[in-house]
Amino acid sequence: MSLSEQVKQTILAANGLLPQDIDRVMATLLSAPVDAADIYFQSSHFESWSLEGGIVKEGSHSIEHGAGVRVVSGDKTGFAYSDRIELPILLEAANNVKAIVRQGQQAQHKIQSASTWPQLYQPLNPLNSLADQDKIDLLKRVDSETRKLDSRIEEVMVSLVAAYDNVLVANQDGALLADVRPLVRMNVSVIMVENGRREQGSMGGGSRSDYSYFLENDRAMDYAREAVRQAQVNLQAVDAPAGNMTVVLGPGWPGILLHEAIGHGLEGDFNRKGTSAFSGRVGERVASDLCTVVDDGTIPGRRGSLSIDDEGTPTQNTVLIENGILKGYMQDKLNARLMGVKPTGNGRRESYAHMPMPRMTNTYMLPGQSDPEEIIRSVKKGLYARNFGGGQVDITSGKFVFSASEAYLIEDGKITRPVKGATLIGNGPDVLTKVSMVGNDMQLDSGVGTCGKEGQSVPVGVGQPTLKIDGMTVGGTSL
Amino acid sequence: MQNQDEIKRLKDVVQQLLDEAKQQGASAAEAAFSVDNGLSVSARMGDVETIEFHCDQGIGVTVYFGQQKGSASTNDVSADSLKETVKAACSIARYASPDDYAGLPDPELLATEFPDLDLNHPWAIDAEQAIAIAIECENAARFYDKAISNSEGASVNSHQGTRVFGNSLGFLQGYQSSRHSISCSVLAGTGDNMQRDYWYSVARNSALLEAAQYVGEKAAKRTLARMDARSLSTRQCPVLFAPEMASGLIGSLLGAISGSSLYRKSSFLLDSLDTQILPDFVRIHEQPLLVGGMGSASYDAEGVATKARDIVSDGILRSYILSTYSARKLGMQTTGNAGGVHNLTVESGEQDFAGMLKLLGTGLLVTELMGQGVNRVTGDYSRGASGFWVENGVIQYPVEEITIAGNLKTMLRNLVAIGTDVDLRGNIRVGSILLEQMAIAGE
């Protein structure tokens with residue numbers, strides 16, 4: 001059975017909905033002079049298992065399904081959804097959302113949905129990829145082996161989650177586009193105590209595959225060892241410095257810098273409305289010529305990857321910044337049409353109950369020429385930030401923050417003492433102009449990112465090589 | 001105003017879930033069913049931008065087989081799905097390890113009185129009317145001043161829901177509640193000198209919402225006040241948290257004294273019960289039965305009766321924030337806080353906002369914080385901030401691109417004053433908070 005037939009079976013047939021029913025709902029949506037309309041069907045299975053205090057004390061399982069109907073007219077959107085995938089309910093929703101359409105607007109916009117695209121992950125159900133007893137055994141094994149790593153470990157928390165998402169997008173040209181999206185994630189946190197001082201370390205990873213991902217290459221224990229290592233470092237950390245200084249960011253997850261500092265500001269909706277600090281700046285220099293940044297939804301198996309986005313557009317590798325020059329924005333269909341450009345496969349939504357908007361996939365900087373050690377050696381006094389927690393941006397003023405969870409002082413070209421976590425703050429449009437060295441060690445993150453925008457969460461990826469930034473504000477307490 | 005027929009409809013489903021759990025061999029169970037309906041509209045640049053019709057429902061069930069526990073949820077409330085959901089929960093419980101502390105609350109702690117807390121005021125508003133209010137609000141912001149250059153729009157939201165909870169000890173209760181809001185966000189300036197700010201009003205009764213005009217004008221004023229912000233040089237100075245930011249500070253404190261952080265030993269306030277954690281003039285208490293309150297409830301997420309009590313008095317921590325499970329782990333009794341606190345109130349001192357600025361004297365007024373730089377284990381605090389530089393009690397100029405840092409333990413101990421300018425929009429009711437000193441990092 002083809003992927004598309006499989007999804008139709010899972011979502012439509014299971015709810016007694018026939019292909020001609022979708023045509024009727026679509027005909028209702030298109031009976032007003034709208035530019036675009038779509039129906040998004042979704043069926044999701046999710047489970048989580050967690051271990052703490054040495055026992056797997058909790059697990060949860062959820063099943064959700066539903067459909068969202070949308071019409072777009074100019075820059076206006078009408079949207080309704082239901083958790084009941086039934087014809088009368090979908091027809092009522094279709095009638096309701098047409099209220100958005102006022103008189104005197106243009107007629108339907110012609111579209112041609114894609115017919116083929118590469119499948120970036122297997123259409124498998126990760127919840128079934130391991131017997132429940134084996135999931136429990138994995139968590140227990142990680143717990144007991146982790147506790148052996150360091151006698152100062154006081155508590156170990158391990159979690160395992162999997163999602164299995166079937167989506168079907170009905171477009172106005174009659175196309176039905178299907179995707180089956182597996183996603184797994186594992187996380188290990190430890191609390192360590194020494195002389196009354198208490199610190200934590202945390203590491204996780206995941207991908208669009210199944211639980212076997214954590215068994216390959218001893219990944220589960222790699223997370224555990226890394227969590228323990230971070231806690232060990234934090235036990236030695238002294239107060240972080242405060243003020244403006246040279247900052248060297250490590251490879252991989254610190255790419256959250258790109259996500260916050262420039263990624264959000266390059267989403268099509270903000271730029272169409274002119275509310276981003278990057279609005280109207282295509283063709284201008286926004287970074288040093290060492291910087292080339294892309295958003296690439298096409299990397300097989302990655303957490304941020306999608307074969308097609310939530311509007312049925314195949315994802316692509318979009319160049320955002322090339323050698324320091326701003327090249328373009330990330331687009332969904334609505335904003336692409338209004339800006340007169342092509343969609344870039346960035347139309348994403350948290351679920352059927354949320355409206356799509358431009359969102360990132362995997363955002364990263366391409367590698368440069370410098371040896372990472374040479375980058376450290378070039379710094380007389382500064383901060384080396386190797387791991388980060390979350391971040392946030394004000395896309396209008398361009399100000400962004402991200403919080404280091406593992407950082408060190410650099411003194412006379414050497415990494416010296418570890419310092420406590422501190423928030424770094426900067427200005428999106430100019431932080432990358434201060435990039436003076438780019439490492440040859442590009443890494444993607446381990447597959448843990450979740451991005452929030454307007455209350456909607458979606459999985460994303462980030463990455464970068466080691467970067468040297470000549471001047472960022474570090475929010476420590478040591479003046 | 002409570003629609004008893006709708007509550008009854010949901011109660012029947014919850015009872016079915018509990019019966020099914022028993023049928024499938026569970027020794028105990030609890031279940032919840034919630035339904036939420038709503039309308040959201042937004043207007044931008046003087047015209048409607050989106051209309052959204054919300055319609056959500058979900059059931060959740062937790063089953064116990066002795067000391068083994070499993071949970072499952074779904075949004076499909078068909079009879080087959082209820083059975084499958086209970087089955088999924090039972091399957092998990094069979095694989096979970098026995099946990100001595102797992103189980104339903106002690107029966108004598110379950111709520112037995114259910115006063116009408118006046119939480120349900122459906123707003124009879126259709127999409128056209130909501131759009132008109134949103135446009136009025138956004139216009140008030142856009143035309144407040146020529147310097148307002150762009151808009152993210154205004155929105156009007158109206159939600160009404162029903163929630164029923166029951167357990168196998170015979171508890172089965174439900175109520176309806178509503179929540180309405182108006183919000184607006186506008187921009188000033190152009191190019192690399194742009195600022196944005198917002199304002200919102202939220203209430204259970206639409207009649208208590210701030211007027212659309214007021215919300216719009218306030219959003220415009222807040223945006224204009226941020227124009228031409230500068231950074232500060234790195235320094236130590238006193239910091240005044242505006243009420244909206246003060247509630248976050250209190251939220252960090254609550255996180256550190258909540259049962260789950262304590263039994264995991266991931267709190268900077270371990271073993272601090274009956275010790276001084278704040279200056280002796282500080283009282284923090286919970287008022288769960290406030291009529292019409294945003295956080296009011298007569299029972300918590302486990303059916304345990306909530307009660308008014310002091311959490312901090314004379315600056316001394318009097319009570320943790322516990323659920324049945326975390327309480328048992330700590331050898332204590334639940335405080336009726338499964339699912340969180342209810343109208344947590346920090347008693348104000350004498351000064352209004354102007355008085356608080358005078359008390360601050362020369363220092364930083366923080367009106368926005370960015371990022372998650374709060375470490376609950378160590379209390380280390382470092383966040384991006386913007387606000388205003390204040391000299392001799394008078395606002396001088398807006399500041400941005402700075403961080404404020406300290407350690408929550410000492411920040412709380414060195415709290416100087418709490419204002420009367422209480423923000424009533426959330427579940428934490430607190431005025432502005434003045435802290436003696438923090439480290440500011442800037443240019």
Side-chain angles (χ1 to χ4, degrees), chain A residues 52 55-66 75-83 93 96-97 99-100 132-133 136 154-155 157 191 198-200 242-244 273-275 277 353 355 389-392 394 396-397 399 401-403 420-423 425 427 429 473-477 479, chain B residues 44 47-57 69-76 81 85 88-89 91-92 95-97 99 102 127 150 152 187 192 194-196 231 234-236 264-266 370-373 375 377-378 380 382-384 386 400-407 439 441-443:
Chain A
E52 67 175 39
I55 59 171
V56 179
K57 63 180 202 186
E58 247 174 331
S60 69
H61 181 271
S62 91
I63 299 180
E64 298 215 336
H65 55 66
D75 61 357
K76 301 173 176 41
T77 303
F79 177 64
Y81 59 88
S82 172
D83 43 35
N96 280 339
V97 299
I100 195 77
D132 286 346
Q133 189 59 52
I136 307 284
E154 188 177 60
E155 178 62 291
M157 286 158 275
I191 301 263
R198 193 174 301 274
E199 293 283 354
Q200 63 185 340
N244 199 280
K273 296 174 186 176
T275 58
M355 290 200 289
Q392 193 181 338
D394 175 335
T396 298
S397 70
K399 302 301 174 280
V401 297
F402 57 138
S403 300
K420 286 183 178 178
T423 288
I425 189 163
N427 182 36
T473 297
V474 177
T477 52
L479 268 52
Chain B
R44 181 172 178 268
D47 199 358
V48 59
E49 186 178 42
T50 60
I51 303 178
E52 285 181 75
F53 299 92
H54 301 273
C55 169
D56 296 290
Q57 62 176 354
K69 176 185 174 185
S71 302
S73 65
T74 182
N75 64 357
D76 179 352
S81 168
T85 303
S91 168
I92 288 170
Y95 285 101
S97 315
D99 182 344
N150 200 345
E152 289 199 316
L187 284 72
D192 57 8
M194 279 199 299
Q195 294 289 347
R196 168 184 69 165
S231 185
T234 300
R235 66 185 72 185
Q236 298 262 10
R264 291 185 180 118
K265 300 195 162 60
S266 55
M370 291 175 81
Q372 299 90 41
N375 185 331
V377 178
T378 59
D380 289 326
S382 168
R383 300 186 72 188
S386 52
E400 64 179 5
E401 207 176 338
I402 57 170
T403 59
I404 60 172
N407 184 284
E443 59 184 12

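Bear in mind the structure is a predicted one, so any value in this text is a computation, not a measurement. Letters A, B, ... are given to chains in the order of the sequence lines, protein chains preceding strands, and every chain is numbered from 1.
Contacts with chain B were tallied for A/D75, A/N244, A/I55, A/N427; A/I55 has the most, counting heavy-atom pairs under 4.5 Å. The residue among B/E52, B/M194, B/M370 with the most heavy atom pairs within less than 4.5 Å of chain A is B/M370. Comparing A/I191, A/D132, A/V97 by how many heavy-atom pairs each has under 4.5 Å with chain B, the most go to A/D132. Chain A forms the most heavy-atom pairs under 4.5 Å with one residue out of B/E443, B/Q372, B/Q195, B/E49, and that residue is B/E49. Contact count against chain A (heavy-atom pairs under 4.5 Å) is highest for B/T74 among B/T74, B/T85, B/N375, B/T378. Contact count against chain A (heavy-atom pairs under 4.5 Å) is highest for B/S73 among B/G442, B/S73, B/A439, B/G70. Heavy-atom pairs under 4.5 Å with chain B were tallied for A/S82, A/S397, A/G389, A/A93; the largest tally goes to A/S397. Note: A/H61 leads A/E199, A/H61, A/H65 in heavy-atom pairs under 4.5 Å with chain B. Each of A/A242, A/G421, A/A353 has some count of heavy-atom pairs under 4.5 Å with chain B, and the biggest count is that of A/A242. Options A/G59, A/A80, A/S403 differ in how many heavy-atom pairs under 4.5 Å they form with chain B, and the most are formed by A/G59.
Using a 4.5 Å heavy-atom cutoff, the side chains of B/V48 and A/I100 are in contact. Looking at B/R196 and A/T275, their side chains never come closer than 4.5 Å, going by heavy atoms from C-beta outward. The side-chain heavy atoms of A/I63 and B/D76, taken from C-beta on, include no pair separated by under 4.5 Å. Residues A/E58 and B/D99 fail the side-chain proximity criterion, which asks for heavy atoms closer than 4.5 Å.
Distance alone, capped at 3.5 Å, is enough to place a donor-acceptor pair between the B/S382 side chain and the A/G475 backbone. The main-chain N or O of A/K57 is never found under 3.5 Å from a side-chain atom of B/S97 such that the two would form a donor-acceptor pair.
Heavy-atom distances place the side chain of A/E154, and not its backbone, under 4.5 Å from chain B. For a residue to count as touching a neighbouring chain, one of its non-hydrogen atoms must lie under 4.5 Å from one of that chain's; by this rule A/A277 touches chain B with the backbone only. Of the two parts of B/R235, only the backbone, made up of N, CA, C and O, holds a non-hydrogen atom closer than 4.5 Å to a non-hydrogen atom of chain A. Residue A/S60 touches chain B through both its backbone and its side chain, counting heavy-atom pairs closer than 4.5 Å. Contact of A/E155 with chain B is made through the side chain alone, with heavy-atom distances under 4.5 Å. Interface remark: B/I404 contributes no atoms to any contact with chain A (heavy atom separation under 4.5 Å). Looking at B/D192, neither its backbone nor its side chain comes within 4.5 Å of chain A, counting heavy atoms on both sides. In this structure, chain A has heavy atoms under 4.5 Å from both the backbone and the side chain of B/D56.
Salt bridge status for B/R264 with A/E52: present, with a side-chain N to carboxylate O gap under 4.0 Å. At a threshold of 4.0 Å, the pair A/K399-B/E400 counts as salt-bridged, since one of the basic side-chain nitrogens sits closer than that to a carboxylate oxygen. Ion pair B/E152/A/K273 not flagged as a salt bridge, since none of the NZ, NE, NH1 or NH2 atoms sits closer than 4.0 Å to an Asp/Glu carboxylate oxygen.
The line from CD1 of B/I402 to OG1 of A/T423 is 12.5 Å long, rounded to the nearest 0.5 Å. Atom CG of B/D380 is separated from atom OG1 of A/T477 by 7.5 Å, given to the nearest 0.5 angstrom.
Among all heavy-atom pairs drawn from A/Y81 and B/F53, the shortest one is CE2-O, 3.5 Å. Minimum heavy-atom separation, A/V474 to B/A441: O-CB, 3.2 Å.
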